[in-house]
Amino acid sequence: MTSPFDLTGKRAFVTGANTGIGQGIALALAKAGAVVACAGRSSMAETLTLIADAGGRGSEHLADLADKDAAVALFETAAREGGPFDILVNNAGIIRRADATDFTEEDWDDVLDLNLKAAFFLAQAFGKSAIADGRHGAVVNIASVLTFQGGIRVASYTASKHGMAGITRLLACEWAGRDVNVNAIAPGYVVTNNTAALRGDEDRSAAILARIPAGRWGDPSDIGGAAVFLASDAARYIHGAILPVDGGWLAR
Ligand code: NAD
């Protein structure tokens, strides 16, 4: 009997797959049977080794994804060379911290260019191809608990993650009838480079941990399972959802 979570025969394009949440997602998709194109600006060697060790298949595709033209060109070249993609995971993202009164235009633009603009135009390239071919597709966007909360000292990040919810819902409305699922995952506090500064601050780190009902920070593998689900046939009737994977943070 085939599992509804089986991704055998599917091709996935995962941005920011070299480390952290993107690596956890790439590995989980590969374990579920997908062939994973690992995209980003840094070597994917570690992720490809993890995938190979798990008996999966993947490839490396390098570009600065903050340049949306470069991001779309990378996606289209990978699709032309390896075949069209069934799954797109918009994971690559950065964060900049400063008080709102001191926030710079550069820290605004850098974050929005990668976290939101590149994600939208990659989804556009993916959707265009799937709709033109009449092929089922699944987009999984990586949002945040700061899709639902304001946060502090991260103005452009909060804007980008609120925006991610907006484009997730908009694309779901436009594409649900074309057999393309668009959903998002909202991770809570996960142990990655992105949260190194928070974890380095003893007081913030303790306060965050005390508020997480699960009693621990998340691990990238915690996010991988949700990505497999949203990319799979088990989620075929789910459109425009933003699934928190946060140890209960938002329920509190
Ligand atoms: P991370 O810093 O470990 O990973 C970020 C990834 O983005 C890396 O692969 C990096 O190479 C890639 N990247 C950054 N700039 C790039 C560029 N210009 N071009 C191509 N790739 C680029 O952080 P992470 O926590 O794994 O973050 C992954 C996603 O998860 C981000 O969208 C982040 O906002 C989101 N997120 C993280 C947390 C958390 O607690 N760690 C919580 C909520 C959401």
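Counting starts at 1 for both ligands and their atoms, in listed order.
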K.L.:
I need the nearest protein heavy-atom contact for atom 33 (C) of ligand 1: residue, atom name and distance, please.
P.N.:
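Going atom by atom, the protein heavy atom closest to atom 33 (C) of ligand 1 ends up being Y157 OH, 3.5 Å.
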
K.L.:
Give me the nearest non-hydrogen protein atom to atom 31 (C) of ligand 1 as residue plus atom name, then the distance to 0.1 Å.
P.N.:
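For this ligand atom, the closest protein heavy atom is N91 O, 3.1 Å.
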
K.L.:
Ignoring hydrogens and geometry beyond distance, is a side-chain donor-acceptor pair present between S59 and H61 at under 3.5 Å?
P.N.:
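H61 and S59 do have a side-chain donor-acceptor pair below 3.5 Å.
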
K.L.:
Of A70, A143, G93, which has the heavy atom at the shortest distance from atom 44 (C) of ligand 1?
P.N.:
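It is A143 whose heavy atom sits nearest to atom 44 (C) of ligand 1.
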
K.L.:
If the threshold is 4.0 Å, N to carboxylate O, is there a salt bridge linking R11 and D86?
P.N.:
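So R11 does not pair with D86 through a salt bridge.
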
K.L.:
Will you find, in the side chains of R236 and H136, an N or O donor that is under 3.5 Å from an N or O acceptor?
P.N.:
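H136 and R236 do have a side-chain donor-acceptor pair below 3.5 Å.
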
K.L.:
Among all protein heavy atoms, pick the one closest to atom 43 (C) of ligand 1 and tell me residue, atom and distance.
P.N.:
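Its nearest protein heavy-atom neighbour is P187 O, 3.4 Å.
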
K.L.:
Please answer: with hydrophobic residues joined when any side-chain heavy atoms are less than 4.5 Å apart, are L146 and W249 in the same cluster?
P.N.:
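Not linked; separate clusters.
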
K.L.:
Have a look at ligand 1 and work out which part of L65, if any, has a heavy atom under 4.0 Å from it: side chain, backbone, both or neither.
P.N.:
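Both backbone and side chain.
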
K.L.:
Can you confirm if the aromatic rings of F75 and F13 lie within a centre distance of less than 6.0 Å?
P.N.:
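Ring centres of F75 and F13 closer than 6.0 Å.
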
K.L.:
Pairs of nitrogen or oxygen atoms closer than 3.5 Å, one from I21 and one from ligand 1: do any exist?
P.N.:
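Yes, at least one N or O pair falls under 3.5 Å.
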
K.L.:
May I ask you to identify the nearest protein heavy atom to atom 16 (C) of ligand 1, giving residue, atom name and distance to one decimal place in Å?
P.N.:
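Atom 16 (C) of ligand 1 sits closest to the protein heavy atom R41 NE, 3.4 Å.
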
K.L.:
What is the nearest protein non-hydrogen atom to atom 8 (C) of ligand 1, stated with its residue, atom name and distance?
P.N.:
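Protein heavy atom with the smallest distance to atom 8 (C) of ligand 1: N18 OD1, 3.5 Å.
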
K.L.:
Run the numbers for me: atoms of ligand 1, each under 4.0 Å from some heavy atom of S144, listed by number.
P.N.:
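Result: 43 (C), 44 (C).
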
K.L.:
Under a 3.5 Å threshold, yes or no: a donor from one side chain and an acceptor from the other, between R135 and S129?
P.N.:
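A donor-acceptor contact under 3.5 Å links the two side chains.
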
K.L.:
Counting from 1, what ligand 1 atoms have a heavy atom of G188 closer than 4.0 Å?
P.N.:
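Numbered from 1, ligand 1 contributes 38 (C), 39 (C), 40 (O), 42 (C), 43 (C).
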
K.L.:
Considering only heavy atoms of Y189, which atoms of ligand 1 have at least one such atom less than 4.0 Å away?
P.N.:
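So the answer, numbered in order with elements, is 40 (O).
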
K.L.:
Compute whether any side-chain donor of one residue and acceptor of the other, for D6 and T8, lie under 3.5 angstrom apart.
P.N.:
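Yes, side-chain donor-acceptor contact under 3.5 Å.
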
K.L.:
Which part of I94 is near ligand 1, with near meaning a heavy atom under 4.0 Å away: side chain, backbone, both or neither?
P.N.:
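The part of I94 near ligand 1 is the side chain, not the backbone.
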
K.L.:
Quick one: does G22 get an N or O within less than 3.5 Å of an N or O on ligand 1?
P.N.:
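There is no such contact.
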
K.L.:
Check the pair R216, D222 against salt bridge (charged side-chain N to carboxylate O under 4.0 Å, His left out), reporting the backbone distance first and the verdict last.
P.N.:
CA-CA 12 Å; R216 66 170 176 88; D222 291 317; 2.9 Å; yes

K.L.:
In the protein, what heavy atom is nearest to atom 40 (O) of ligand 1, and what distance, to one decimal place, separates them?
P.N.:
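Here the nearest protein heavy atom works out to V190 N, 2.7 Å.
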
K.L.:
I'd like to know if the side chain of T192 pairs up with that of N194 as donor and acceptor (distance under 3.5 Å, no hydrogens or angles considered).
P.N.:
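There is no such pair between these side chains.
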
K.L.:
At under 4.0 Å between heavy atoms, which part of Q23 makes contact with ligand 1: side chain, backbone, both or neither?
P.N.:
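Under 4.0 Å from ligand 1, Q23 contributes no heavy atoms.
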
K.L.:
At a 4.0 Å threshold, what atoms of ligand 1 neighbour a non-hydrogen atom of A66?
P.N.:
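With A66 as reference, the close atoms of ligand 1 come out as 18 (N).
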
K.L.:
Look at atom 12 (C) of ligand 1 and say which protein heavy atom is nearest, naming residue and atom and giving the distance to 0.1 Å.
P.N.:
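Nearest protein contact, heavy atoms only, for atom 12 (C) of ligand 1 is G16 CA, 3.9 Å.
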
K.L.:
Using a 4.0 Å cutoff against the non-hydrogen atoms of N193, which atoms of ligand 1 qualify?
P.N.:
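Going through ligand 1 atom by atom, the ones under 4.0 Å from N193 are 2 (O), 3 (O).
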
K.L.:
Is it the case that T168 and N141 place a side-chain donor and acceptor less than 3.5 Å from each other?
P.N.:
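Present: a donor and an acceptor within the cut-off.
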
K.L.:
Does only the side chain of L146 get under 4.0 Å from ligand 1, or the backbone, or both, or neither? Count heavy atoms.
P.N.:
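Neither; no heavy atom under 4.0 Å.
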
K.L.:
Which residue from N115, T192, V14 reaches closest to atom 41 (N) of ligand 1 through any of its heavy atoms?
P.N.:
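Of the listed residues, T192 has the closest heavy atom.
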
K.L.:
What protein heavy atom sits nearest atom 23 (O) of ligand 1, and how far off is it?
P.N.:
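Going by distance alone, atom 23 (O) of ligand 1 is nearest to N194 CB, 3.2 Å.
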
K.L.:
Please could you name the atoms of ligand 1 that T195 approaches to less than 4.0 Å, counting only its heavy atoms?
P.N.:
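The atoms of ligand 1 under 4.0 Å from a heavy atom of T195 are 39 (C), 40 (O), 41 (N).
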
